[in-house]
Amino acid sequence: MTAHAHEKLTYEDYERLPEDGPRYELIDGELILNPSPITNHQHVALNIAFSLKGYVRQVDRGRVFAELDVVLSKSDVLRPDVCFVAGDSERIISPKNITGAPDLVVEVLSDGTRRRDEIDKRRLYERYGVVEYWVVDPELELVKIYRRNAANNYGRAVEVSMETGGAITSPLLPGFELPIADVFAAR
Amino acid sequence: MALQPATTMTYDDYLRLPDDGRRYEIIRGELFVNPAPFTRHQRISRKLVVALDRHFMEYAGGEVFFAPMDVVFTRSDVVQPDVLVILDNNPVLHEKNVQGAPDLVVEILSEGNRRYDEVAKRRLYDEHGVHEYWIVDPELELVKIYRRNAANAYERAAEVSAEKGGVITTPLLPKFELAVADIFSAPGEGLP
């Protein structure tokens with residue numbers, strides 16, 4: 001008798017999870033349990049969310065969300081730390097979630113989730129058409145920016161770090177500039 | 001009057017530290033203590049050392065060593081790299097330790113302590129003239145290679161990953177080729 005392959009979960013199963021429980025995501029039908037964010041992770045995610053929120057308010061285009069379900073397919077449901085949906089893509093926003101690929105996704109690394117964020121999620125965001133993926137590394141105080149190239153792949157990431165200085169800018173966000181020191185600022 | 005740290009350690013203090021299995025290092029006189037490495041870290045270390053040793057057995061030209069081995073850059077900068085290579089014409093190898101810069105240093109990251117290898121030690125190796133510094137990331141299965149550029153400063157010459165089927169090569173060892181996937185392979189696979 002062969003072992004019974006365990007069944008993959010879908011978004012319907014995912015939706016039935018208790019709302020007050022831990023933070024789950026679904027990758028290729030596998031339920032992924034994420035630890036609660038730690039202090040350092042939280043302030044970095046907030047810094048970026050606030051900065052993007054200020055930008056969309058100023059230009060009066062696009063939307064910014066934190067910790068909202070992003071349904072990439074029935075078996076791939078992620079909850080990015082921060083995401084940005086450009087003005088032209090707002091149709092993917094529904095009252096419950098985002099159904100489709102946001103233009104920009106930001107994940108802040110925690111110890112123990114590096115591989116998932118840097119490899120598994122990068123591949124998913126690339127495959128489903130997220131234009132830019134920012135991976136924020138609080139330990140090394142740097143941000144890796146993956147950007148879709150002409151061949152629709154993420155090329156080698158651009159890195160902006162506290163060590164080298166500089167600011168995060170993006171073709172998706174004309175006029176936006178986030179100094180790297182503001183990403184990691186404690187206040 | 002220049003500011004001085006309250007106490008700085010020197011190599012003499014360092015030699016009096018206990019032999020308790022932990023790794024003691026001093027950088028700018030500051031003591032860093034790291035626990036003994038985990039199984040996976042040691043397996044990767046072995047595979048690297050085996051690959052480098054095979055290279056030198058076949059082509060000669062240098063020697064590979066591994067921790068614990070003291071590398072004394074100055075009296076207040078003493079470290080124990082995971083893996084180090086000293087080429088034949090480099091006079092730093094002494095009976096008790098290495099005095100000066102190895103040609104190549106490799107550090108294998110430990111989760112939760114990445115900043116130490118990625119920042120503090122990179123700066124140290126850069127400052128003291130190590131030609132190449134490889135940072136092995138077991139979690140992402142990749143190797144970052146820092147190499148001196150024409151301006152004599154480190155630059156990220158390559159990031160070689162198992163994901164992309166990368167192969168490590170270096171101008172220091174012209175015939176050396178190492179598939180990154182092999183150093184992260186399971187016991188019995190890839191390399192001994």
Side-chain angles (χ1 to χ4, degrees), chain A residues 27-28 32 34-35 37-41 44 107-127 133-149 151-166 180-181 183-184 186, chain B residues 27-28 32 34-35 37-38 40-41 44 107-127 133-147 149 151 153-168 180-181 183-186:
Chain A
I27 296 183
D28 194 23
I32 308 290
N34 287 299
I38 57 170
T39 312
N40 216 12
H41 178 287
V44 169
E107 298 281 10
V108 182
L109 298 180
S110 304
D111 278 338
T113 70
R114 267 199 324 129
R115 192 176 170 85
R116 188 166 301 139
D117 289 332
E118 291 238 27
I119 297 184
D120 304 343
K121 289 188 181 178
R122 166 171 50 75
R123 286 179 178 160
L124 278 180
Y125 293 140
E126 185 180 43
R127 168 154 39 113
Y133 179 36
W134 299 357
V135 181
V136 185
D137 187 334
E139 173 139 0
L140 302 186
E141 295 185 312
L142 60 81
V143 180
K144 285 186 192 171
I145 300 173
Y146 290 97
R147 197 167 277 154
R148 286 171 87 79
N149 55 26
N152 263 354
N153 296 315
Y154 288 155
R156 184 169 169 174
V158 174
E159 288 186 19
V160 185
S161 72
M162 283 296 278
E163 202 178 4
T164 56
I180 190 73
V183 172
F184 298 104
Chain B
I27 297 180
R28 291 188 178 81
F32 294 90
N34 287 300
F38 293 166
R40 180 138 194 261
H41 179 287
I44 291 166
E107 299 284 7
I108 301 157
L109 296 180
S110 297
E111 218 49 33
N113 197 20
R114 292 185 294 126
R115 198 176 167 83
Y116 181 55
D117 287 330
E118 290 253 23
V119 181
K121 282 192 155 177
R122 169 169 49 76
R123 287 182 180 158
L124 181 79
Y125 296 145
D126 188 5
E127 188 182 327
Y133 178 35
W134 300 356
I135 300 177
V136 179
D137 186 334
E139 183 80 7
L140 304 186
E141 298 192 343
L142 60 82
V143 179
K144 288 181 192 171
I145 298 179
Y146 286 94
R147 190 172 288 155
N149 59 21
Y154 270 175
E155 70 182 17
R156 178 98 53 88
E159 191 168 301
V160 193
S161 70
E163 188 184 11
K164 296 210 171 87
V167 175
I168 299 174
V180 168
I183 62 176
F184 299 112
S185 55

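Just so we're on the same page: letters track the sequence lines, and every chain starts at 1.
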Practice prompt. May I ask you to decide if B/R114's main-chain N or O and A/E139's side chain share a donor-acceptor pair within less than 3.5 Å?
Written response: yes
Practice task
Step through the shown structure and confirm whether more than 12 heavy atoms of other residues, nucleotides or ligands are within 6.0 Å of CZ on B/F32.
Solution key: yes
Please determine whether a side-chain nitrogen of the Lys or Arg among B/E163 and A/R122 lies less than 4.0 Å from a carboxylate oxygen of the Asp or Glu. yes
- Could you go through the salt bridge (Lys or Arg N to Asp or Glu O under 4.0 Å) check for B/R123 and A/E163 one step at a time? CA-CA 11 Å; B/R123 287 182 180 158; A/E163 202 178 4; 3.2 Å; yes
Whatever's closer than 4.5 Å to a heavy atom in chain A on B/D117 counts as neither
Among B/R115, B/E141, B/E159, the residue with the most heavy-atom pairs under 4.5 Å to chain A is B/R115
Taken to the nearest 0.5 Å, the spacing of A/E118 CD from B/D137 CG works out to 7.5 Å
Whatever's closer than 4.5 Å to a heavy atom in chain B on A/L140 counts as both
The interface call for A/R116 against chain B, heavy-atom contacts under 4.5 Å, is neither
